[in-house]
Amino acid sequence: MANTYNVTEFIFLGLSPNQEVQTVCFALFLLLYTAIVLGNLLIVLTVMTSRSLGSPLYFFLSCLSFVEICYSSTSAPKLISDLLAERKAIPLWGCMTQIFIIHFFGGTEMFLLTVMAYDRYVAICKPLNYTTIMNRQVCAILVGAAWVGGFVHSFAQILLIFHSPFCGPNVIDHYFCDLLPLLKLACSDTFLLGLLMVANGGTLSVVSFVVLLISYVVILVHLRSRSSEGRRKALSTCGSHITVVSLFFGPCIFIYLRPSTTLSVDKMVAVFYTVITPLLNPVIYSLRNAEMKKAVKRLWTRTMNLDEK
């Protein structure tokens with residue numbers, strides 16, 4: 001592409017042209033990104049080291065936290081470094097790589113959330129067969145399928161944009177490379193490409209979200225026959241998952257269901273699903289889960305005891 005078209009790099013406009021605002025944002029996003037990595041890493045380590053968190057739910061949660069670290073690391077470090085840079089540039093190949101990785105981990109997270117909803121459905125609606133249905137092999141296959149699904153989704157997206165001609169301008173009104181801002185700079189008719197991206201990204205988000213909603217409606221209907229204590233425990237876990245699903249799918253649907261236009265609010269929405277959601281996930285799952293809180297305390301206690309020795 002670099003030899004065929006005269007654009008070899010793109011320039012980001014970033015979040016704000018104001019230098020003072022950029023300095024404040026640098027400190028803020030550095031703090032947020034550090035919290036994302038440490039918070040999600042804490043969940044991964046807690047699940048790996050705690051014997052009481054051996055159920056499939058926590059296995060999937062640790063996988064989700066790992067994906068969140070990778071997902072936010074695709075755009076946040078570049079955003080943070082660019083906030084102190086006068087020239088916010090990225091090579092053409094770097095831009096394409098960033099798009100692929102963002103959609104790879106984003107797609108993987110989408111499928112993982114669906115897998116976690118299925119896990120809750122089996123646990124609540126078929127409790128006697130739960131350990132049989134959700135054995136280790138099945139869990140590994142489901143997680144592997146989520147990763148493969150994310151790869152196929154991302155590969156299809158990058159394939160659509162990769163051969164688009166870019167002959168100028170090369171200024172992207174965003175803080176990272178994404179499909180819609182980049183599609184706006186293409187030197188060809190992108191109407192068909194936009195429709196295909198909706199079919200791949202937007203429609204997939206909507207369909208997955210609808211499937212998740214239907215699964216939780218089924219779960220809620222099934223809970224009517226449970227005791228009040230059983231309903232409370234089930235709703236506590238499901239409530240955390242529904243919150244995370246809404247926080248992730250809402251902005252994605254808003255962004256990727258309108259390929260022909262980009263809005264000024266898009267950057268703020270992107271901040272929400274690339275930074276805020278990965279930050280909130282460990283908080284939501286930890287605060288609403290008694291077993292997770294106990295396991296974190298035990299891990300912290302063991303760590304402190306080792307330090308004292």
Side-chain angles (χ1 to χ4, degrees), residues 15 25 28-44 47 57-58 60-80 98-99 101-117 120 143 146-147 149-150 153-154 157 174-181 201-202 204-213 216 237-257 263 265-289 292:
L15 292 176
C25 286
L28 175 62
F29 283 106
L30 181 60
L31 179 64
L32 292 177
Y33 177 64
T34 303
I36 289 170
V37 174
L38 294 180
N40 284 285
L41 187 60
L42 177 62
I43 288 182
V44 174
V47 173
L57 169 64
Y58 298 107
F60 295 137
L61 178 57
S62 65
C63 293
L64 178 65
S65 293
F66 175 75
V67 170
E68 292 285 26
I69 294 173
C70 298
Y71 182 57
S72 61
S73 297
T74 308
S75 59
K78 175 65 175 171
L79 165 64
I80 294 169
Q98 190 177 55
I99 291 176
I101 296 176
I102 283 177
H103 284 270
F104 171 53
F105 287 114
T108 301
E109 180 172 351
M110 185 186 306
F111 291 116
L112 266 179
L113 290 172
T114 306
V115 167
M116 293 175 72
R120 290 301 84 202
V143 170
W147 283 91
H153 160 72
S154 182
Q157 293 288 67
H174 216 301
Y175 64 89
F176 69 93
C177 283
D178 202 4
L179 293 169
L180 302 187
L204 182 61
S205 299
V206 171
V207 171
S208 298
F209 186 61
V210 171
V211 169
L212 286 166
L213 289 181
Y216 278 106
T237 303
C238 292
S240 300
H241 193 234
I242 292 173
T243 303
V244 170
V245 165
S246 301
L247 291 173
F248 179 75
F249 279 95
C252 289
I253 292 172
F254 175 81
I255 292 290
Y256 296 109
L257 270 184
L263 304 177
V265 74
D266 284 358
K267 283 190 282 189
M268 295 300 103
V269 176
V271 167
F272 194 85
Y273 67 76
T274 59
V275 178
I276 304 301
T277 300
L279 174 67
L280 292 178
N281 282 358
V283 176
I284 293 170
Y285 279 113
S286 298
L287 292 181
R288 294 180 62 91
N289 191 299
M292 178 61 72

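Note that the coordinates shown come from a computational prediction; the quantities given were computed from them, not determined experimentally.
- In this structure, Ala270 and Thr274 approach most closely via the heavy-atom pair O-OG1, 2.6 Å.
- With sequence neighbours excluded, the residues that form a side chain to side chain contact (heavy atoms under 4.5 Å, CB included) with Val210 are Val206, Ile214.
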*Dump the intermediate steps for side-chain contact (heavy atoms from CB on, under 4.5 Å) on Phe60 and Val143, then the final yes or no.*
CA-CA 8 Å; Phe60 295 137; Val143 170; 3.6 Å; yes
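- Two rings, from Trp147 and Phe111, have their centers 6.0 Å or more apart.
- Side-chain N or O atoms of Tyr71 include none that pairs as donor or acceptor with a backbone N or O of Thr108 at under 3.5 Å.
- Taken from OG1 in Thr74 to CD1 in Ile69, the straight-line distance is 12.0 Å, to the nearest 0.5 Å.
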*asked:* Does Tyr175 form a side-chain contact (heavy atoms from CB on, under 4.5 Å) with Lys78? I'd like the steps, not just the answer.
replied: CA-CA 8 Å; Tyr175 64 89; Lys78 175 65 175 171; over 6 Å; no
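- The minimum heavy-atom distance between Tyr58 and Val47, with the atom names listed, is O-CG1, 3.4 Å.
- The backbone N or O of Pro278 lies less than 3.5 Å from a partner atom in the side chain of Asn40, making a donor-acceptor pair.
- Contact record, Arg120 with Leu57: NH2-CB, 3.7 Å, taken as the closest heavy-atom pair.
- No donor-acceptor pair under 3.5 Å is formed between the side chain of Tyr273 and the backbone N or O of Gly106.
- Ser73 is linked by a side-chain hydrogen bond (donor to acceptor under 3.5 Å, both in side chains) to Tyr33, counting only residues two or more places apart in sequence or in another chain.
- Between the CZ atom in Phe248 and the CD1 atom in Ile253 there is a gap of 10.0 Å [rounded to 0.5 Å].
- The closest donor-acceptor contact from the side chain of Glu68 to the backbone of Leu279 lies at 3.5 Å or more, if one exists at all.
- The two residues Leu15 and Met268 come nearest to each other via the heavy atoms CD2-CE, 3.8 Å.
- Listed by chain and number, the residues in a side-chain hydrogen bond (donor to acceptor under 3.5 Å, both in side chains) with Ser208 amount to none (sequence neighbours excluded).
- Applying the 6.0 Å contact sphere to CZ of Phe66 captures no more than 12 heavy atoms from other residues, nucleotides or ligands.
- The only option from Leu79, Ile99, Ile102 that meets the side chain to side chain contact (heavy atoms under 4.5 Å, CB included) definition with Phe176 turns out to be Ile102.
- Taken from CD1 in Ile36 to OG in Ser65, the straight-line distance is 11.5 Å, to the nearest 0.5 Å.
- Residues Pro251 and Val269 come closest through the heavy atom pair CB-CG1, 3.6 Å.
- The line from CG of Asn281 to CG of Leu113 is 7.5 Å long, rounded to the nearest 0.5 Å.
- No donor-acceptor distance shorter than 3.5 angstrom exists from the side chain of Ser72 to the backbone of Val275, with no hydrogens or angles considered.
- Minimum interatomic distance between Leu30 and Thr34 (heavy atoms only, all atoms of both residues): O-OG1, 2.8 Å.
- Relative ring orientation between His103 and His153 is described as tilted, the plane-to-plane angle lying within the 30° to 60° band.
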